[in-house]
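Shown next, in structure tokens, is the structure this report addresses.
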Amino acid sequence: MELRRTFLKAMLWFLALSAVAGVAAILFADRFHMWRMTAMGFTAAAGAGLMIPTSLLVDRAKARAAGLLGMGAIIVEFALAMALIWADVVVGFRFEEELAVTMLLLGAAAVPGMAFLRIMNWKGGRLAGQVGLTLCGAAFVVSLLALWWPTPALPPPKWRLWDTAGSVAWLGGLGALSLMGVGGGDRRHWRWLGAMAAGIALGMALIHTWVGGTGGEPLWVGIVGLAAIVTLANLVWFLRLTDGQAWVRYGTVAAAAIAATVVDG
């Protein structure tokens, strides 16, 4: 509780300082740097504000790892934002686009990473969380490589790395979520069908990206559809419903199967 109060006070102070800097930017001639001070204050306030909900996770033993990851990501995001605001003035650093995209990539990786860390502490979620966290980290590293590595020093075209990161992220996520419940004591072994379908689709996508080739798209779409249906069914079965609401599970899966069939067709 005391930690959250500290973050709240820091957020309010940073907002006040940003307002003062904004007024100074209007009144004084050195508006260029004053506007940077304003941006810095609002960024610090946003970071302090985001620390409040993540600190709630740190208070819970089963969610502590997810909360620590979130807090670490916020700190790194703040450092990147400061570099984006000031680095070109201090050291003549001019990679604004790369820094901005890095911030987006970090946020896109941190949120599912926190989710998978949380899933690891659920009953039957350890394997799904481990697989999802590993693939999430791999996609993040590959995307950073595609973003920052100098093109002359990297023989493959960067689009191959971007495609690889995207494929690993979303197809790997499907495969990981289809493993929810493994080791939890139930007998829904059909969930492995979704994991295998996602793995095959990921392999086909990587082969197409790095080796090439034509054809096979309808088959790939069908395999992805199967992985999506099984993953959805696996997640829907975790919903706590009364006996009279059981039809919702079957109706949802049936609607997803019909949609996948229409897309595949």
Side-chain angles (χ1 to χ4, degrees), residues 3-4 6-8 10-11 14-15 39-87 93 95-122 125-149 158 161-180 195 198 202 205 231 235 238:
L3 182 62
R4 286 188 288 278
T6 302
F7 286 137
L8 180 59
M11 181 181 66
F14 283 129
L15 287 174
M40 185 177 70
F42 278 116
T43 302
L50 290 173
M51 282 289 191
I52 296 174
T54 53
S55 65
L56 291 172
L57 297 176
V58 176
D59 291 340
R60 305 172 185 174
K62 292 185 178 181
R64 185 165 296 132
L68 291 175
L69 175 62
M71 296 179 77
I74 292 170
I75 293 172
V76 175
E77 291 275 23
F78 177 74
L80 291 172
M82 291 303 99
L84 187 62
I85 294 170
W86 289 103
F93 186 70
F95 292 98
E96 291 85 354
E97 182 178 346
E98 287 81 357
L99 284 172
V101 175
T102 299
M103 293 177 66
L104 293 175
L105 292 174
L106 177 59
V111 173
M114 292 172 63
F116 283 120
L117 278 173
R118 188 70 181 89
I119 288 172
M120 286 175 61
N121 289 291
W122 293 353
R126 178 169 295 275
L127 179 60
Q130 290 174 341
V131 172
L133 186 63
T134 300
L135 293 177
C136 182
F140 178 61
V141 171
V142 173
S143 62
L144 286 183
L145 186 65
L147 178 64
W148 285 99
W149 200 288
K158 285 192 174 186
L161 293 174
W162 285 117
D163 282 2
T164 298
S167 298
V168 171
W170 75 277
L171 289 173
L174 274 181
L177 291 176
S178 68
L179 295 174
M180 280 287 297
L202 177 57
T231 300
L235 296 178
F238 279 93

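These figures come from a predicted structure and were not determined experimentally.
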Donor-acceptor contacts under 3.5 Å from residues 129-143 side chains, at least two apart:
{"unit_1": "Thr134", "atom_1": "OG1", "unit_2": "Gln130", "atom_2": "O", "d": "2.8"}
{"unit_1": "Ser143", "atom_1": "OG", "unit_2": "Ala139", "atom_2": "O", "d": "3.1"}
{"unit_1": "Ser143", "atom_1": "OG", "unit_2": "Phe140", "atom_2": "O", "d": "2.7"}

### Query
How would you list, by chain and number, every residue that makes a side chain to side chain donor-acceptor pair (under 3.5 Å) with Thr54, sequence neighbours excluded?
none
### Task
Please list, chain by chain and in numerical order, all residues satisfying side chain to side chain donor-acceptor pair (under 3.5 Å) with Thr164, sequence neighbours excluded.
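Side chain to side chain donor-acceptor pair (under 3.5 Å) list for Thr164, sorted by chain: Trp210.
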### Task
Measure the shortest side-chain to side-chain distance between Leu50 and Glu77 over non-hydrogen atoms and say whether it is less than 4.5 angstrom.
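Counting from C-beta outward, Leu50 and Glu77 never come under 4.5 Å.
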Taking all atoms of both residues into account, what is the closest heavy-atom pair of [X] and [Y], and its distance?
{"X": "Ile119", "Y": "Ala128", "result": "CG2-CB, 4.4 Å"}
{"X": "Trp122", "Y": "Met180", "result": "CE3-CE, 3.6 Å"}
{"X": "Leu161", "Y": "Ala146", "result": "CB-CB, 3.5 Å"}

Going by the rule side-chain contact (heavy atoms from CB on, under 4.5 Å), which residues pair with [X] if we only count those two or more places apart in sequence or in a different chain?
{"X": "Ala81", "answer": "Thr43, Met103"}
{"X": "Leu68", "answer": "Val58, Arg64"}
{"X": "Val111", "answer": "none"}

Listing, residues 169-179 side-chain donor-acceptor contacts under 3.5 Å, not counting sequence neighbours, or none:
{"unit_1": "Ser178", "atom_1": "OG", "unit_2": "Gly175", "atom_2": "O", "d": "2.6"}
{"unit_1": "Ser178", "atom_1": "OG", "unit_2": "Ala195", "atom_2": "N", "d": "3.1"}

### Message
Working to the nearest 0.5 angstrom, can you tell me the gap between Leu80 CG and Ile75 CD1?
### Response
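These two atoms lie 12.0 Å from each other.
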#### Entry: Interatomic spacing from CH2 in Trp162 to CG in Leu147 - rounded to 0.5 Å
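Going from the CH2 atom of Trp162 to the CG atom of Leu147 covers 5.0 Å.
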### Task
For residues 102-119, pull every pair meeting side chain to side chain donor-acceptor pair (under 3.5 Å), keeping only residues two or more places apart or in separate chains.
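The answer is Thr102-Trp148.
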